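Report on the structure given below.
Quantities reported herein were computed from a predicted structural model and do not represent experimental measurements.
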Amino acid sequence: MKSESKNPYILGLITARGGSKGIPRKNVTLVNGKPLIAWTIETALKSTSLSRVIVSTDDEEIARVSSDCSAEVPFLRPKELAQDDSPHIPVIVHAIEWLESHSNERPDYVFLFEPTSPFRSVEDIENATRLVREKKADSVIGVCRAPSHPYNARLIAQDGRLENHGYRPEGYLYRQILPPVYVVNGAIYLVRRDVVIEKSTLITEKTYAYVMPAERSLNIDDPWDLYLADLIFRDRNGAKDS
């Protein structure tokens, strides 16, 4: 096994199930002329930090598209791990255990990739990997600035009245004086293998944030996000052509 102090074994794991509600067949839906999952596969394969890149899916079409994009699909994920309410931890554990039992490979870290984040860059992968090693972190999670501060969040009562949601300081809250807050953006999840196996979590007291700009943090969940992604790609292509 590789020495973690020099070259840790980092498994790139792309998870893509066949079922999706907001956008049917989302992971193979075309975005700027390519299946959505292709953007994540291409970026992951360009990274020099990842020891191996595999796709975990329950769907034969996704498996075929992923193979066409040069990703490994060494197994089909069990259907019970590909339901609407299936959490990510068992999916990661399944991939780790399959790899260790079938390939005799034991990763030091798992870099989880969700195909719904097509704008993460190779530099993001390299920087997150560098951060996890420099901090000796349990994990590194991608975040971006929250589009709206939680102090401004409201609840709507049954009769339609606005109500405060949790603590809120008195008076008008100027954006410039509010403390910055961040949300997990879904683009970067880098976690130590032993943390997943032994603690069944991605976040511990030794989790560090990797801050990403909004333009690389778009997570595609519904048709509006898909529309925005096409616009962003079109703008980027236009900028390159000009």
Side-chain angles (χ1 to χ4, degrees), residues 11-47 50 53-95 98 110-122 124-125 128 141-144 146-147 183-191 202 212-237:
L11 172 66
L13 177 64
I14 302 171
T15 57
R17 66 186 185 90
S20 56
K21 295 294 177 59
I23 305 173
R25 311 297 300 160
K26 176 170 60 178
N27 288 308
V28 291
T29 296
L30 293 183
V31 179
N32 194 39
K34 296 180 183 179
L36 176 58
I37 194 172
W39 296 102
T40 292
I41 291 173
E42 290 179 3
T43 301
L45 289 176
K46 290 177 183 176
S47 170
L50 303 178
V53 176
I54 68 174
V55 172
S56 170
T57 184
D58 64 310
D59 186 88
E60 292 186 0
E61 182 185 7
I62 294 176
R64 183 174 66 255
V65 170
S66 299
S67 295
D68 290 343
C69 295
S70 301
E72 290 185 65
V73 189
F75 55 79
L76 284 180
R77 191 197 312 172
K79 291 294 183 182
E80 61 268 22
L81 295 179
Q83 304 303 309
D84 289 342
D85 58 353
S86 295
H88 259 114
I89 296 299
V91 175
I92 299 172
V93 171
H94 172 265
W98 189 97
V110 176
F111 209 130
L112 174 66
F113 295 99
E114 296 184 346
T116 48
S117 298
F119 295 108
R120 76 172 70 76
S121 67
V122 176
D124 290 326
I125 299 174
I141 305 294
V143 301
C144 63
V183 294
V184 174
N185 65 5
I188 299 289
Y189 296 96
L190 176 56
V191 61
L202 299 177
M212 297 172 61
E215 61 268 22
R216 296 205 306 279
S217 296
L218 178 64
N219 193 290
I220 298 179
D221 287 323
D222 55 40
W224 176 249
D225 298 327
L226 199 62
Y227 174 71
L228 290 179
D230 274 322
L231 285 180
I232 294 170
F233 276 119
R234 193 181 311 162
D235 182 69
R236 287 183 175 184
N237 291 338

Inset, instruction - Kindly determine whether D59 and R25 satisfy side chain to side chain contact (heavy atoms under 4.5 Å, CB included), including the steps that lead there. - result: CA-CA 10 Å; D59 186 88; R25 311 297 300 160; 2.8 Å; yes
[X] side chain near [Y] side chain, heavy-atom distance below 4.5 Å:
X: F233; Y: V31; result: yes
X: T116; Y: K26; result: yes
X: L226; Y: I220; result: yes
X: I37; Y: I14; result: yes
X: L11; Y: L50; result: no
X: E114; Y: Y189; result: yes
X: P35; Y: N27; result: no
X: V55; Y: I41; result: yes

Legend entry - From CZ (R64) to SG (C69), nearest 0.5 Å: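 Those atoms lie 11.5 Å apart.
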Inset, instruction - Kindly compute the distance separating CD1 (I141) from CG (L202), expressed to the nearest 0.5 Å. - result: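 So the CD1 of I141 and the CG of L202 are separated by 5.5 Å.
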Legend entry - Trace of the side chain to side chain contact (heavy atoms under 4.5 Å, CB included) decision for I232 with L218: CA-CA 10 Å; I232 294 170; L218 178 64; 4.0 Å; yes
Of all the heavy-atom pairs spanning [X] and [Y], show the shortest one and how long it is.
X: S67; Y: V73; value: OG-CG2, 3.7 Å
X: L76; Y: A63; value: CD2-CB, 4.1 Å
X: A71; Y: L45; value: N-CD1, 4.4 Å
X: S117; Y: G186; value: OG-O, 3.3 Å
X: A44; Y: I125; value: CA-CD1, 4.0 Å
X: I188; Y: A128; value: CG2-CB, 3.9 Å

Inset, instruction - For R120 and T40, test the side chains for any donor-to-acceptor distance below 3.5 angstrom and give the result as yes or no. - result: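 Side-chain D/A pair, R120 to T40: present.
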Legend entry - Donor-acceptor side-chain pairing of R77 and S56 below 3.5 angstrom: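 Their side chains do contain a donor-acceptor pair, which is all the 3.5 Å distance test asks for.
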Legend entry - Lys/Arg N to Asp/Glu carboxylate O, K79 vs D58, below 4.0 Å: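 Judged by the 4.0 Å cut-off on N to carboxylate O distance, K79 and D58 do form a salt bridge.
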Inset, instruction - Before accepting this row, confirm whether a basic side-chain N of the pair D124/R216 lies closer than 4.0 Å to the acidic partner's carboxylate O. - result: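 Between R216 and D124 there is a salt bridge, with a charged N closer than 4.0 Å to a carboxylate O.
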Legend entry - Residue pair D225, N219: steps toward the side chain to side chain contact (heavy atoms under 4.5 Å, CB included) verdict: CA-CA 7 Å; D225 298 327; N219 193 290; over 6 Å; no
Inset, instruction - Return yes if some donor-acceptor pair links the side-chain N/O of D230 with the main-chain N/O of Y227 below 3.5 Å, else return no. - result: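 No.
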Legend entry - Heavy atoms of other groups near E60 CD, more than 12 under 6.0 Å: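 12 or below, so no.
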Legend entry - W39 ring center within less than 6.0 Å of F119 ring center: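 So the answer is no for these two rings.
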Inset, instruction - Could you tell me how the ring of W98 sits relative to the ring of F75: parallel (under 30°), tilted (30 to 60°) or perpendicular (over 60°)? - result: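 If you compare the ring of W98 with that of F75, the planes turn out tilted.
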Legend entry - Test side chain to side chain contact (heavy atoms under 4.5 Å, CB included) applied to V53 and E72, step by step: CA-CA 7 Å; V53 176; E72 290 185 65; over 6 Å; no
